[in-house]
Amino acid sequence: DEPAKGAAYWGAPSADGGRCCATLAEVRNNIDRIDRELVRLMAERQQYVGEAGRFKKDPASVGDPARVDAIIARVRADAAAQRLDPTVAETTFRAMIAAFETFERAEWGKRQAAPAK
Ligand SMILES: O=C(O)C(=O)C[C@]1(C(=O)O)C=C[C@@H](O)C=C1
């Protein structure tokens with residue numbers, strides 16, 4: 001694939017300073033690269049979420065709406081500063097945290113069933 005010579009028609013600079021993308025395959029290669037990084041970071045996040053569960057007295061205490069609100073406020077501000085649509089950021093993080101809460105509750109239950117020696 002040859003790179004596009006000019007900026008994206010919808011505004012400059014586009015992705016990679018207007019150098020990307022001449023083809024849909026080029027767009028998707030970049031999305032795949034970014035997704036691999038996101039998965040790596042989510043795996044690291046999951047380890048800390050599991051740790052957080054050690055400080056909760058029961059599975060019903062796993063969810064902490066005040067903490068979630070604080071995360072969302074920070075994420076929206078960070079998103080705006082980095083030109084990520086804040087609504088995309090909030091929707092993604094709310095879904096991610098909900099999934100991690102389910103994970104954290106399950107881990108809590110596993111620890112009860114098989115406590116560390
Ligand atoms: O900070 C915590 O207490 C967590 O358990 C982590 C986490 C998160 O995924 O960030 C998950 C559940 C809570 O609702 C709040 C935040």
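Counting starts at 1 for both ligands and their atoms, following the listed order.
Distance alone, capped at 3.5 Å, places no donor-acceptor pair between the Gln46 side chain and the Met42 backbone. For Trp108 (side chain) and Val62 (main-chain N/O), no donor-acceptor pair under 3.5 Å exists by modelled atom type.
Relative to atom 8 (C) of ligand 1, the option among Arg45, Arg67, Glu104 with the closest non-hydrogen atom is Arg45. Of the candidates Arg105, Gln46, Glu101, Glu51, Glu101 brings a heavy atom nearest to atom 14 (O) of ligand 1.
Within ligand 1, counting atoms from 1 as listed, the ones closer than 4.0 Å to a heavy atom of Gly63 are 14 (O). The contact set between ligand 1 and Val62, taken as ligand atoms under 4.0 Å from a residue heavy atom, comprises 12 (C), 13 (C), 14 (O). When each atom of ligand 1 is checked for a heavy atom of Ala52 under 4.0 Å away, the hits are 4 (C), 5 (O). Close contacts of ligand 1 with Asp64, meaning ligand atoms under 4.0 Å from a residue heavy atom, involve 13 (C), 14 (O). For ligand 1, the atoms closer than 4.0 angstrom to any heavy atom of Val49 are 9 (O). Shown in contact with Val68 at under 4.0 Å from a heavy atom are these atoms of ligand 1, numbered in order with element: 14 (O). Every atom of ligand 1 is numbered from 1 in the order shown, and the set under 4.0 Å from a heavy atom of Ile71 is 10 (O).
A salt bridge links Glu104 with Lys56: at least one charged nitrogen is closer than 4.0 Å to a carboxylate oxygen. Electrostatic pairing of Arg67 and Asp64 does not count as a salt bridge here, judged by no charged N lying under 4.0 Å from a carboxylate O.
From Asn30, atom CG reaches atom CZ of Arg28 across 12.5 Å, with rounding to the nearest 0.5 Å.
Within the structure, the closest approach of Lys56 to ligand 1 falls below 4.0 Å when heavy atoms are considered.
Enclosure of atom CZ in Arg74 by more than 12 non-hydrogen atoms of other residues, nucleotides or ligands within 6.0 angstrom is indicated.
Cluster partners of Ile31, by chain and number: Leu24, Val27. The rule joins Ile, Leu, Val, Met, Phe, Trp and Tyr whenever side-chain heavy atoms lie under 4.5 Å apart.
With a 4.0 Å cut-off on non-hydrogen atoms, Met96 does not touch ligand 1 at all.
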Side-chain donor-acceptor contacts of residues 90-100 below 3.5 Å, not counting sequence neighbours, with atom names and distances?
residue, atom, partner, partner atom, Å
Glu90, OE1, Arg76, NH1, 2.6
Glu90, OE2, Arg94, NE, 2.9
Glu90, OE2, Arg94, NH2, 3.2
Thr91, OG1, Thr87, O, 2.8
Thr92, OG1, Val88, O, 2.7

